[in-house]
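Worksheet for the structure shown next.
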Amino acid sequence: MRILGSSACAALFSVLGLTTAAHAASPTFTNYVGPANLVGDAGEPSIGYNPKTDATLFQAYTTTATVTGFDGVGHAKWEDVTEPTAVTSLDPILWTDRDTGRSISSQLLLACSKAMITDDDGASWTPSTGCGVGTGIDHQTIGGGPWSSGGLGPSPLYPHAVYYCTQDGVIAAHCATSFDGGQTFGPERETYTFDKCPLLLHGHIKVAPDGTVYLPTADCDGKQSLAVSEDNGLTWSVEEVPDSTTQDESDPHLGIGDKGTLYYGWQGGDGKDLGDKGYFANARSEGHAWISVKPAGSSAWHPPIDVGAQFGIKNIQFPEVFAGDNNRAAFAFLGTTTAGDDQAANFTGIWHLYVAYTYDGGLNWTTVDATPTDPVQRGCIWLQGGSSNCRNLLDFNDITMDKQGRVLVAYADGCTGACVNATNYDYAHAERPDLGSSRARRAASDCCRSTTRCSPAQRLRSRASSRRECIAPAAKREGDEDEVRERLHDR
């Protein structure tokens, strides 16, 4: 696995006027490769950051690591802090409460998840009940934030509400609230149902500064949507994002500014309808990198913007968004300039990791190719679950930022070794690294905070992003994901 970081100071102005992307230097990125013996055989990375200790927490499959000492040229200290009972998982998730420093590691085991809590960056762990009674069996997410004044709370046991959400695959998506920082959870509450939101799958839960809770999902009445709770998870409603489309593939992702502006990144249902190929929805020839913004205090969304258009990007997967200051956000995604069905075995797209930034509340975006000389994937990316040669990257990446506003993106790298510079790549029959090697990139400058000052030399310095600490070998995993789910279900 890898961590991605940018290394050029951008729009570091604290004046009252808005600084547009046209006046901001384009960020560059440094790549930090996780040791192969630690995170080389895993996908679906999660990343958290503890401002109190300046520690980055990185999780892939059952492994949790702290990453510290980023030097700007690809070297960092990766330390294994995996909780001692981590054995197996169907979906790994890690979430860090940036205000308290608490992190929760969650491993899906169908009807519930096994979860552990750390308040010291993995030096010690305490158990959690893992889920709420009656929650679903798949695609869990954990998150939290301030209590809303509209519901039960706050709690004397922990300063923030913590939420656990899943979907049951048949009827609804469900969330449960914790009043003690994730140690226990109350009963489930339905967030949305199959009749309105038939995909059921959702992205990561997010909480606004005023305590409003948002659970993004890719398809409610054919539109990108949010399940919304204003009473700490007691009741939920669905808000559809106007002018949006869907392919029922990658989960959308939400970033929330420090005053409540919503930045919603999503994969569009663009191009030609290619018909029914047995996917969740009809295949499309294109799926662009769209982002929709709803300013704090407003009831209206701005028209969506295609942030990949400047690169001619035709298809994307794994949108991830993080917002810092209310007018600043970063939107990371895998993208390719090749059109066509990107889940088909003969798809010939070359994928890179892109990151788009806004410095003016989403009016303008600057997009950069964060892996210009090192593809993240060649060929297809499978988003239909189960086992496929195109499913080596699994379902998502992740994004956060450090206390200086530097953006960190965790991603699984499915193109290592000979794949990187291949000239005669066998797209249809390639044996891709199963689950990907794990990497991360780090933004080594202030891109989402406006409080840091940089010297002119720092603003102009461009650090190389091609150096590698180590290259993880092709990962191997035995068995089929659906078979694992069936075995766990029969226990």
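Please read all numbers here as calculations on a predicted model, not as lab measurements. Counting begins at 1 with the first residue of the sequence.
The side chain to side chain donor-acceptor pair (under 3.5 Å) test applied to Asp248 returns Thr246, not counting sequence neighbours. Residues satisfying the side chain to side chain donor-acceptor pair (under 3.5 Å) criterion with Trp301, sequence neighbours excluded, are Glu239.
Checking side-chain atoms of Asp325 against main-chain N and O of Asn327 turns up no donor-acceptor pair under 3.5 Å. Side-chain N or O atoms of His253 include none that pairs as donor or acceptor with a backbone N or O of Gly265 at under 3.5 Å. Not a single donor-acceptor pair under 3.5 Å links the side chain of Asp306 to the backbone N or O of Trp290. No side-chain donor-acceptor contact under 3.5 Å links Thr166 to the backbone of His139. Under the 3.5 Å distance criterion, the side-chain polar atoms of Gln167 are left unmatched by any main-chain donor or acceptor of Leu201. Put simply, the side chain of Thr63 never gets that close to the backbone of Val39: no donor and acceptor are under 3.5 Å apart. No donor-acceptor distance shorter than 3.5 angstrom exists from the side chain of Ser244 to the backbone of Lys223, with no hydrogens or angles considered. No donor-acceptor pair under 3.5 Å is formed between the side chain of Glu286 and the backbone N or O of Asp341. When atom types are taken as modelled, the side chain of Arg378 and the backbone of Cys419 share a donor-acceptor pair closer than 3.5 angstrom. Of the possible donor and acceptor atoms, one in the side chain of Gln140 sits under 3.5 Å from a partner among the backbone N and O of Asp91.
When only modelled atom types and interatomic distance are considered, Ser89 and Gln107 share a side-chain donor-acceptor pair under 3.5 Å. Of the N and O atoms on the side chains of Asn31 and Tyr411, at least one donor lies less than 3.5 Å from an acceptor on the other residue. Side chains of Asp360 and Thr358: a donor-acceptor N/O pair is present below 3.5 angstrom, by distance only. For the 3.5 Å distance criterion, the side chains of Thr96 and Asn50 fail to qualify, holding no donor opposite an acceptor. When only modelled atom types and interatomic distance are considered, Asn392 and Gln377 share a side-chain donor-acceptor pair under 3.5 Å. If you check the side chains of His160 and Asp97, you find a donor sitting under 3.5 Å from an acceptor. Gln343 and Gln384 form a side-chain donor-acceptor contact under 3.5 Å, judged by distance and modelled atom types alone. Side-chain atoms of Thr366 and Asn364 form no donor-acceptor pair, as typed in the model, at a separation below 3.5 Å. Side chain to side chain, Ser178 and Tyr164 fail the donor-acceptor criterion of an N or O pair below 3.5 Å. Ser292 and Trp266 share a side-chain donor-acceptor pair at under 3.5 Å. Side-chain atoms of Thr177 and Arg189 include no donor-acceptor pair closer than 3.5 Å.
In the displayed structure, Phe194 atom CZ is contacted under 6.0 Å by at most 12 heavy atoms of other residues, nucleotides or ligands. Atom NZ of Lys272 has 12 or fewer heavy atoms from other residues, nucleotides or ligands within 6.0 Å. Under a cut-off of 6.0 angstrom, the local environment of CD in Glu230 is sparse, with at most 12 non-hydrogen atoms contributed by other residues, nucleotides or ligands.
Closest of all the heavy-atom pairs between Leu262 and Leu226 is CD1-CD1, 4.3 Å. Contact detail for Asp273 and Arg284: the closest heavy-atom pair is CB-NH1, 3.5 Å. Closest approach of Ala55 and Asp121 over heavy atoms only: CB-OD2, 3.5 Å. Heavy atoms only, all atoms of each residue included: Tyr192 and Thr217 are closest at OH-OG1, 3.5 Å.
In this structure, Phe58 has its ring center under 6.0 Å from that of Trp78. Aromatic rings of Phe396 and His204 (six-membered ring for Trp) have centroids within the 6.0 Å cut-off, being under it. In this structure, Trp382 has its ring center closer than 6.0 angstrom to the ring center of Tyr279.
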Full working for side chain to side chain contact (heavy atoms under 4.5 Å, CB included) between Asp374 and Asp413: CA-CA 9 Å; Asp374 186 355; Asp413 187 351; 4.3 Å; yes
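Counting heavy atoms from C-beta on, the side chains of Tyr263 and Lys294 never come closer than 4.5 Å. Residues Thr56 and Thr66 have side chains not in contact (no heavy-atom distance under 4.5 Å, counting atoms from C-beta outward). When side chains are defined from C-beta on, Ile291 counts as touching Val321, because their heavy atoms get closer than 4.5 Å.
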Compile the donor-acceptor pairs under 3.5 Å between side chains in residues 310-319 and protein atoms, sequence neighbours left out, one pair per line.
residue: Gln310; atom: NE2; partner: Thr367; partner atom: OG1; Å: 3.4
residue: Asn315; atom: OD1; partner: Gly287; partner atom: N; Å: 3.0
residue: Asn315; atom: ND2; partner: Ser285; partner atom: O; Å: 3.4
residue: Asn315; atom: ND2; partner: Thr338; partner atom: O; Å: 3.0
residue: Asn315; atom: ND2; partner: Gly340; partner atom: O; Å: 3.3
residue: Gln317; atom: OE1; partner: Ser250; partner atom: OG; Å: 2.5
residue: Gln317; atom: NE2; partner: Glu249; partner atom: OE1; Å: 2.8
residue: Gln317; atom: NE2; partner: Asp342; partner atom: OD2; Å: 3.0

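Looking at Phe331, Phe333, Phe29 one by one, the single match for ring-ring contact (aromatic ring centres under 6.0 Å, His included) with Tyr354 turns out to be Phe333. The side chain to side chain contact (heavy atoms under 4.5 Å, CB included) with Tyr32 is formed by just one residue from the set Asp71, Val67, Leu408; it is Asp71.
Note on ring orientation: taking the six-membered ring where Trp is involved, the planes of Trp351 and Phe347 are tilted (angle from 30° to 60°).
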